[in-house]
J.: 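Questions regarding the structure given below will be posed in turn.
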Amino acid sequence: MAVTSLHIAGERESLAAERLAADLRFVQAWAMTTHNRTWVVFDASANRYTAYAEDPASPGKAGRLAMTDPFTLASFQVTYGDDETGGVAISSPDFGGKVEVEFDFKGLAYDGDGIALASNGKVRVSARTVSVSPAGWVGVS
C-alpha cells in the first residue's frame with residue numbers, strides 16, 4: 001500500500017508540474033501571437049497561480065486582465081490541492097526576486113516589473129521544479 005501511495009503522489013507531482021509548464025508555454029505563446037505582454041502570478045500561500053494578459057486598450061501591467069482558461073472558459077486561475085492535484089504544493093516562486101513571470105512578444109522572460117531575467121526563474125511544485133530561462137525556455141526537473 002505504501003509503495004502505491006508514493007507512486008500516486010509522484011504521479012500527481014509530475015502531472016501538476018507538467019501542467020504548470022504547459023500553462024506557462026500557453027501564456028508565452030499568447031504574448032507572441034497577440035504581441036501583448038502576459039504574466040503568470042504565483043500565490044504560494046493560496047497554492048495557486050493566475051494568468052494575465054495586457055489589455056490592448058490600456059497597455060502595461062496596470063491595465064492587465066485575467067486571461068480565460070482555454071479549457072474551462074473560466075478565469076485562468078489554477079489552484080492545487082483540488083481534484084487530481086491533492087497533496088501537491090506550490091512553493092518558492094522566484095523570478096528575479098519576484099513571484100511572477102512576464103513574457104513579451106518575442107517570448108522572452110522578465111520578472112514581474114519588466115526587468116529581463118538574468119538567470120532562470122523557478123517555482124517548486126512539491127518535489128519538482130519548473131524553470132523559465134531568460135530566453136523563455138520552460139522546463140521541468
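This chain uses plain numbering: 1 for the first residue, then up along the sequence. The figures here come from the full heavy-atom set of this structure, side chains too, leaving out hydrogens, waters and symmetry mates.
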J.: State, to 0.1 Å, how close P70 and F26 come at their nearest heavy-atom pair, and which atoms those are.
T.: CG-CZ, 3.8 Å
J.: Which heavy atom of P134 sits nearest a heavy atom of N120, and at what distance?
T.: CD-OD1, 3.5 Å
J.: Measure the spacing between OH of Y80 and CZ of R19 and express it to the nearest 0.5 Å.
T.: 6.5 Å
J.: Taking side-chain contact (heavy atoms from CB on, under 4.5 Å) as the definition, give me every residue that meets it alongside A66, ordered by chain and number, with sequence neighbours left out.
T.: Y52, S75
J.: Closest heavy-atom contact between L24 and F103?
T.: O-CE1, 3.9 Å
J.: How are the rings of F42 and F95 set relative to one another: parallel (under 30°), tilted (30 to 60°) or perpendicular (over 60°)?
T.: parallel
J.: Does atom NZ (K61) have a neighbourhood of more than 12 heavy atoms from anything else shown, all under 6.0 Å?
T.: yes
J.: Decide whether M67 and Y110 are clustered together by the hydrophobic rule: side chain heavy atoms of Ile, Leu, Val, Met, Phe, Trp, Tyr closer than 4.5 Å, transitively.
T.: no
J.: Mind running salt bridge (charged side-chain N to carboxylate O under 4.0 Å, His left out) on R64 and E102 for me, showing each step along the way?
T.: CA-CA 11 Å; R64 67 186 179 184; E102 175 181 344; over 6 Å; no
J.: Quick one: does D104's side chain have a donor or acceptor within less than 3.5 Å of a partner on L108's backbone?
T.: yes
J.: Please answer whether the main-chain N or O of P59 pairs with a side-chain N or O of D55 as donor and acceptor at a distance below 3.5 Å.
T.: no
J.: If we only count heavy atoms from C-beta on, is the K122 to T129 side-chain gap below 4.5 Å?
T.: yes
J.: Could you please spell out the steps behind the side chain to side chain contact (heavy atoms under 4.5 Å, CB included) verdict for W39 and E54?
T.: CA-CA 8 Å; W39 297 262; E54 186 173 49; 4.0 Å; yes
J.: If only atom types and distance count, is the side chain of T68 paired as donor or acceptor with the main-chain N or O of A74 below 3.5 Å?
T.: no
J.: With no hydrogens and no angle check, is any side-chain donor or acceptor of R128 less than 3.5 Å from a backbone partner on S141?
T.: yes
J.: Report yes or no: does S126 contribute a side-chain atom to a donor-acceptor pair with the main-chain N or O of A89 at less than 3.5 Å?
T.: yes
J.: Judged by atom type as modelled, is there a donor-acceptor pair below 3.5 Å linking the side chain of N47 to the main-chain atoms of I90?
T.: yes
J.: In the single-linkage hydrophobic clustering (I, L, V, M, F, W, Y; side-chain heavy atoms under 4.5 Å), do V130 and F76 co-cluster?
T.: yes
J.: Considering non-hydrogen atoms only, spot the tightest contact between S92 and R124 and give its length.
T.: CB-CG, 4.1 Å
J.: Testing the basics here: between A17 and V125, what is the closest heavy-atom pair and its distance to 0.1 Å?
T.: N-CG1, 3.8 Å
J.: Would you call R48 and D43 a salt bridge, taking side-chain N to carboxylate O under 4.0 Å as the test?
T.: yes
J.: Carefully, step by step, assess D23 and V78 under the rule side chain to side chain contact (heavy atoms under 4.5 Å, CB included).
T.: CA-CA 10 Å; D23 287 346; V78 176; 3.8 Å; yes
J.: Compare every heavy atom of P56 with every heavy atom of N36, then report the nearest pair and how far apart it is.
T.: ND2-CG, 3.7 Å
J.: Report the C-alpha distance between E100 and D111 in whole Å, list the side-chain angles of each, state the deciding distance to 0.1 Å, and finish with yes or no for side chain to side chain contact (heavy atoms under 4.5 Å, CB included).
T.: CA-CA 6 Å; E100 59 188 274; D111 70 7; over 6 Å; no
J.: Would you check, one step at a time, whether the test side chain to side chain contact (heavy atoms under 4.5 Å, CB included) holds for Y49 with V41?
T.: CA-CA 5 Å; Y49 58 91; V41 180; over 6 Å; no
J.: Does one hydrophobic cluster hold both L20 and V140, with members joined at side-chain heavy-atom distances below 4.5 Å?
T.: yes
J.: Rounded to the nearest 0.5 Å, what separates atom CG in L65 from atom OG1 in T38?
T.: 12.5 Å
